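Before any comments, here is the structure.
In this text, all values refer to a predicted model and were calculated from it rather than measured experimentally.
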Protein chains: 2
Amino acid sequence: MVTKQYSGSPEDADLTRADSLARELFSDIANKWALLIIETLGERTLRFSELRNEIEGISHKMLTQNLRMLERNALVEREVHPTVPPRVEYTLTEPGQALKRTVDGMCDWTHRYLGHIEASRRRFGT
Amino acid sequence: MVTKQYSGSPEDADLTRADSLARELFSDIANKWALLIIETLGERTLRFSELRNEIEGISHKMLTQNLRMLERNALVEREVHPTVPPRVEYTLTEPGQALKRTVDGMCDWTHRYLGHIEASRRRFGT
DNA sequence: CGGCATCCAAAGTGATACTG
DNA sequence: CAGTATCACTTTGGATGCCG
């Protein structure tokens, strides 16, 4: 599991390091914008401005920041066309596509339980 | 999809409302702490203080805040035992368990691609 | 157009104190 | 023990403007 903690025995050192990396990676991708970018990019390759338009409410800064992060983690590939005006395209890599499939599950879940949850909110007093 | 936008035709009103709810719900749950709570609670029912200990790095405030949010969205059930000292237990509901299964997929993904991504980071220059 | 830097507002943290 | 509240501090996010 992602949340496993250090047990103290020396032979666990590698496992612990791997876990802390896993945890860091999890923290990177477990955020609204990153997941929405992955979902959106799952359909097809998109330019920066197209992504900006598709993802309602994302700021220029957050889009840039998250794209860099996703690139760093090899989820997204960035291709620059040296034209005027510049044209930069983003594509999901294989690991990115694999992650997208799990995020699809989250989206499906969202829609499946929408009514259930809406009712719960009313019960809760919005 | 979660990111669908308003098209303007009146008959889309319900769909649009559902989508905005879905989007809001997605924003609620697509965050580091909420997903970690769901993962941790997936194993078994836990008390507030147990959760706090299991989830490394979460603050008292964020735990409270996210638990309320998860309760509001019917992902978590809160059971108060009126004893001294008080005992409050949190359990995943059925929708919560369903969501956990998809988050498990994310965790699996994290571990499967760990090496791949670690290499990419080095290439990227940390 | 895409990216970066800047500034300001908002959210999160950790400590602490107080209630039931 | 669980939860709420407050406060000072840090981090993050949004808006804006400039550059290649």
For B/R47 and D/dC1, is the shortest distance between a side-chain N/O and OP1 or OP2 below 4.0 Å?
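So the side chain of B/R47 is outside the cut-off, no N or O lying under 4.0 Å from OP1 or OP2 of D/dC1.
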Please determine whether a side-chain nitrogen or oxygen atom of B/Y90 lies at a distance below 4.0 Å from atom OP1 or OP2 of D/dG3.
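For D/dG3, OP1 or OP2 has a side-chain N or O of B/Y90 closer than 4.0 Å.
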May I have the step-by-step check of side chain to side chain contact (heavy atoms under 4.5 Å, CB included) for B/L99 and A/M106, ending in yes or no?
CA-CA 7 Å; B/L99 181 56; A/M106 272 188 55; 4.1 Å; yes
Who pairs with [X] by side chain to side chain contact (heavy atoms under 4.5 Å, CB included), at least two apart in sequence or on another chain?
X	result
A/E77	A/T93
B/H60	B/F48, B/R52, B/T64
A/V84	none
A/D108	A/R112

Residues in ring-ring contact (aromatic ring centres under 6.0 Å, His included) contact with B/Y113, at least two apart in sequence or another chain:
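Result, ring-ring contact (aromatic ring centres under 6.0 Å, His included) vs B/Y113: B/W109.
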Shared hydrophobic cluster, A/L41 / A/V80 (ILVMFWY, side-chain heavy atoms < 4.5 Å):
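In one cluster with A/L41: A/V80, yes.
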If we count only N and O atoms by modelled type, under 3.5 Å, do the side chains of A/D28 and A/N73 hold a donor and an acceptor together?
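The answer is yes; a qualifying pair exists.
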Just to verify, what does [X] make a side-chain hydrogen bond (donor to acceptor under 3.5 Å, both in side chains) with, not counting sequence neighbours?
X	result
B/E118	A/R17
B/S27	none
A/K100	A/D104

Considering only heavy atoms of chain B and a distance under 4.0 Å, specify the first and last nucleotide of DNA chain C in 5' to 3' order that meet this criterion.
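Contact span on the strand: C/dG12 to C/dG20.
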Any residue of residues 72-80 of chain B with a heavy atom less than 4.0 Å from an atom of DNA chain D:
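DNA chain D contact set from residues 72-80 of chain B: B/R78.
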Applying a 4.0 Å non-hydrogen cut-off, can you work out what A/R87 is touching in the nucleic acid: base, sugar-phosphate, or nothing?
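No contact.
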CG of A/L51 to OH of A/Y90: how many Å apart, nearest 0.5 Å?
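Rounded to the nearest 0.5 Å, the CG-OH separation comes out at 8.0 Å.
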In whole angstrom, give the distance that lies between atom CG of B/L67 and atom C1' of D/dT4.
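To the nearest whole Å, that distance equals 14 Å.
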What string of B, S and - do you get for nucleotides 6-20 of chain D, 5' to 3', when a contact is any protein heavy atom under 4.0 Å?
-------BBB----B
Salt bridge check, B/R68 against B/E71: does any charged N sit closer than 4.0 Å to a carboxylate O?
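Yes, charged N to carboxylate O under 4.0 Å.
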Over its full length, what angle do the end axes of the helix from C/dC1-D/dG20 to C/dG20-D/dC1 make, each axis taken from five pairs and the result rounded to 10 degrees?
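Answer rounded to 10°: the end axes differ by 40°.
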